[in-house]
Novice: 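Starting off with a structure, shown below.
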Amino acid sequence: VSPASTTTYTVTALSDTNCTAQAGDLTGSATVTVNPRPTSVVTGTTTICPGHSAPIQASLTGTGPWNLTWSDSFTQNGVTISPATRSVTLGSTTTYTVTVLSDANCTAQAGDLTGSAIVTVQDTNPPVIICPTNITVDAAPGACTSNVTFTVTATDNCGSASVVSVPASGFAFPVGTTTVNGTANDGNGNTSQCNFTVTVMDNQPPTITSFPADQTFSCASEVPAANDTLVAATDNCPGTVTISHDLDVITPGSCPNRFIVTRTYHATDAHSNVTSQSQTITVNDQTQPTLTQGSIAACYKTLAAAKAD
């Protein structure tokens, strides 16, 4: 017999070659219990990052324990609680189903196994990159650059992201403004960019290396004119150092040939930093005048005053 449901069988009529049985002659029965086949419904469709894990499950009916085989040949035997759960880790999109199922009594047929879990492996989110604010520093002493360090960071929904900065942290940034470009890459084809500027200031004045010495003369006519070529200077940055001078500052003395000249020179670099230095020129007439009758040197009001000096 192959009943579709539980059925009890008895003999209801019986005769042999001589007689026909009565009701009391027909005893006993055979009950064939038909257990329902187990079923499964797979769920767990989701999207994950490459290399990450996701749970999937199969809801089961029937009488446990169950034994099941998944479409990737993974088996779970002796499952006692529904649903049967598992974790999958993969690098590409995969669809999971249950292909074989049995419980304590029966084996499922193809139509008893339904549902699927489609685990999509995909990362379309770019990393989040953070650049520092714009940086301004002075050039290093004696140099026209500054080795500036900084940090560009990035986070990603699927793990970590690599960061590359051009120029890199620690680069010798020249005087002026340089744009730093940062790029974050999550390894799954997604990138992000940010940028900031590094400004290096030149606040160092030139160094005067050659300068005329202080001088003393007897007469004003002997004082030489200012000469910028007598001054030399170097600077921490390339470029021309320009030499210039102010008008002479004269401090009068007791007479026309007694005074002090203060002559100031300036060395100016390409970034308008200035170093100044002054030369002192003293005019001091120490020569006695030559007296002639009827003539008195201009510095003396009387002959006696001239003789006294």
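These values consider heavy atoms only, across backbone and side chains, with no hydrogens, waters or symmetry-generated copies.
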Novice: Please find the pair of heavy atoms, one from T209 and one from A233, that lie closest to each other, and give the distance.
Specialist: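 Answer, listing the atom of T209 first, then A233: OG1-N, 3.8 Å.
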Novice: Passes side chain to side chain contact (heavy atoms under 4.5 Å, CB included), T7 versus V1? Steps please.
Specialist: CA-CA 10 Å; T7 304; V1 291; over 6 Å; no
Novice: Please give me the minimum heavy-atom distance between V241 and A267, naming the atom from each residue.
Specialist: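 That closest heavy-atom pairing would be CG1-CB, 3.9 Å.
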Novice: With the 4.5 Å side-chain cut-off for hydrophobic clustering, are F74 and V98 part of the same group?
Specialist: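 Yes, F74 and V98 fall within the same hydrophobic cluster.
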Novice: For residues P127 and A184, report the shortest heavy-atom separation together with the two atoms involved.
Specialist: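 What the structure gives for the nearest pair is CG-O, 3.6 Å.
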Novice: Quick one about N195 and T179 (side-chain donor to acceptor, distance below 3.5 Å, no hydrogens or angles considered), yes or no?
Specialist: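 The answer is no; no qualifying pair exists.
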Novice: Quick one: pull up CG in N134 and OG1 in T197 and give me the separation to the nearest 0.5 Å.
Specialist: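 The distance works out to 3.0 Å.
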Novice: Will you find, in the side chains of S278 and T264, an N or O donor that is under 3.5 Å from an N or O acceptor?
Specialist: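 Checked: S278/T264 side chains pair up, N/O donor to acceptor below 3.5 Å.
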Novice: Indicate, with yes or no, if the rings of F196 and F150 have centres closer together than 6.0 Å.
Specialist: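 Aromatic pair counts; centres sit under 6.0 Å.
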Novice: Regarding S102 and T107, is there a side-chain donor-to-acceptor distance under 3.5 Å anywhere?
Specialist: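 S102 vs T107: no donor-acceptor pair found between side chains.
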Novice: I need the F211 CZ to Q279 CD distance, nearest 0.5 Å.
Specialist: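 Reported value, rounded in 0.5 Å steps: 6.0 Å.
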Novice: Looking only at atom types and distance, does a side-chain atom of N67 sit under 3.5 Å from a main-chain N or O of D103, one as donor and one as acceptor?
Specialist: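 Such a contact is absent between N67 side chain and D103 backbone.
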Novice: State plainly whether the residues R258 and D285 are in salt-bridge range, i.e. N to O under 4.0 Å.
Specialist: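 Looking at R258 and D285, the cut-off is not met.
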Novice: Please test I56 against T85 for side chain to side chain contact (heavy atoms under 4.5 Å, CB included), starting from the C-alpha separation and ending with a verdict.
Specialist: CA-CA 6 Å; I56 60 174; T85 60; over 6 Å; no
Novice: Spell out, as yes or no, whether a donor-acceptor pair under 3.5 Å connects the side chain of S82 to the backbone of L60.
Specialist: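 Yes.
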Novice: Quick test of your reading: applying side-chain hydrogen bond (donor to acceptor under 3.5 Å, both in side chains), list the pairs with at least one residue in residues 23-42, sequence neighbours left out, ordered by first then second residue.
Specialist: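 Residue pairs passing side-chain hydrogen bond (donor to acceptor under 3.5 Å, both in side chains), neighbours aside: T8-T31, R37-D112, T39-T61.
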Novice: Is it true that a side-chain atom of S71 and a backbone atom of T97 form a donor plus acceptor pair closer than 3.5 Å?
Specialist: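 Yes, S71 side chain to T97 backbone: donor-acceptor pair under 3.5 Å.
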Novice: Do V152 and I135 share a hydrophobic cluster, counting only Ile, Leu, Val, Met, Phe, Trp and Tyr and linking them when any side-chain heavy atoms are less than 4.5 Å apart?
Specialist: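 They do share one cluster, since a chain of ILVMFWY contacts under 4.5 Å joins V152 to I135.
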Novice: Please test T251 against F259 for side chain to side chain contact (heavy atoms under 4.5 Å, CB included), starting from the C-alpha separation and ending with a verdict.
Specialist: CA-CA 6 Å; T251 302; F259 57 89; over 6 Å; no
Novice: Calculate, to the nearest 0.5 Å, the distance between atoms CG and OG1 belonging to L113 and T99 respectively.
Specialist: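 Answer rounded to 0.5 Å: 7.5 Å.
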Novice: Considering non-hydrogen atoms only, spot the tightest contact between P224 and Q215 and give its length.
Specialist: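 In terms of heavy atoms, the two residues are closest at CG-OE1, 4.2 Å.
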Novice: Between D214 and R263 (salt bridge meaning N to carboxylate O under 4.0 Å), is one present in this structure?
Specialist: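 R263 and D214: not salt-bridged.
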Novice: Can W70 and Q76 be said to form a side-chain hydrogen bond (donor to acceptor under 3.5 Å, both in side chains), step by step?
Specialist: CA-CA 8 Å; W70 293 81; Q76 290 177 286; 2.7 Å; yes
Novice: Not counting sequence neighbours, which residues clear side-chain contact (heavy atoms from CB on, under 4.5 Å) with V249? List them please.
Specialist: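 Partners of V249 by the side-chain contact (heavy atoms from CB on, under 4.5 Å) criterion, ordered by chain and then number, come out as T262.
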Novice: Please round to the nearest 0.5 Å and tell me the distance separating atom CD1 of I243 and atom OH of Y265.
Specialist: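 Reported value, rounded in 0.5 Å steps: 10.0 Å.
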Novice: State plainly whether one hydrophobic cluster holds both F171 and V200, where clusters connect Ile, Leu, Val, Met, Phe, Trp and Tyr through side-chain heavy atoms under 4.5 angstrom apart.
Specialist: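 In one cluster with F171: V200, yes.
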Novice: Working to the nearest 0.5 Å, report the span between CD1 of I130 and OG1 of T151.
Specialist: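 With rounding to 0.5 Å, CD1 (I130) is 11.5 Å from OG1 (T151).
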Novice: Do side-chain atoms of D16 reach the backbone of N18 as a donor and acceptor pair under 3.5 angstrom?
Specialist: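 Yes: the side chain of D16 pairs with the backbone of N18.
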Novice: Not counting sequence neighbours, list each pair that qualifies as a side-chain hydrogen bond (donor to acceptor under 3.5 Å, both in side chains) and has a residue in residues 234-245.
Specialist: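 Qualifying pairs, neighbours excluded: D202-N236, D228-H245.
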Novice: For the side chain of D156 and the backbone of S160, is there at least one donor-acceptor N/O pair under 3.5 Å apart?
Specialist: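 Not a single qualifying donor-acceptor pair exists.
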Novice: Are side-chain heavy atoms of I48 and V121 found at a separation under 4.5 Å?
Specialist: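 SC-SC contact between I48 and V121 confirmed.
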Novice: Hey, are T43 and Q57 close enough side-chain-wise for a donor-acceptor pair under 3.5 Å?
Specialist: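 Yes, a side-chain donor-acceptor pair sits under 3.5 Å.
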Novice: Would a distance-only check, ignoring hydrogens and angles, find a side-chain to backbone donor-acceptor pair under 3.5 Å from T120 to T93?
Specialist: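 No, T120 side chain to T93 backbone: no donor-acceptor pair under 3.5 Å.
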Novice: Between the main-chain N or O of N125 and the side-chain N or O of D123, is there a donor-acceptor pair closer than 3.5 Å?
Specialist: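 Flag set: sc D123 to bb N125 pair under 3.5 Å.
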Novice: Say you draw a straight line from CD of Q277 to CD1 of I208; how long is it, rounded to the nearest 0.5 Å?
Specialist: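 So the CD of Q277 and the CD1 of I208 are separated by 4.5 Å.
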Novice: Which residue in the set V164, I129, N185 passes side chain to side chain contact (heavy atoms under 4.5 Å, CB included) when paired with T191?
Specialist: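 Answer to the side chain to side chain contact (heavy atoms under 4.5 Å, CB included) test with T191 among V164, I129, N185: N185.
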Novice: Take S210 and V231 through the side chain to side chain contact (heavy atoms under 4.5 Å, CB included) test and state the conclusion after the steps.
Specialist: CA-CA 5 Å; S210 179; V231 180; over 6 Å; no
Novice: Go through the side-chain N and O atoms of T282 and N284 and say whether any donor and acceptor fall under 3.5 Å apart.
Specialist: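 There is no such pair between these side chains.
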Novice: So, does T94 use its side chain to make a donor-acceptor pair with the main chain of S92 at under 3.5 Å?
Specialist: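 Yes; judged by distance alone, with no hydrogens or angles, the pair exists.
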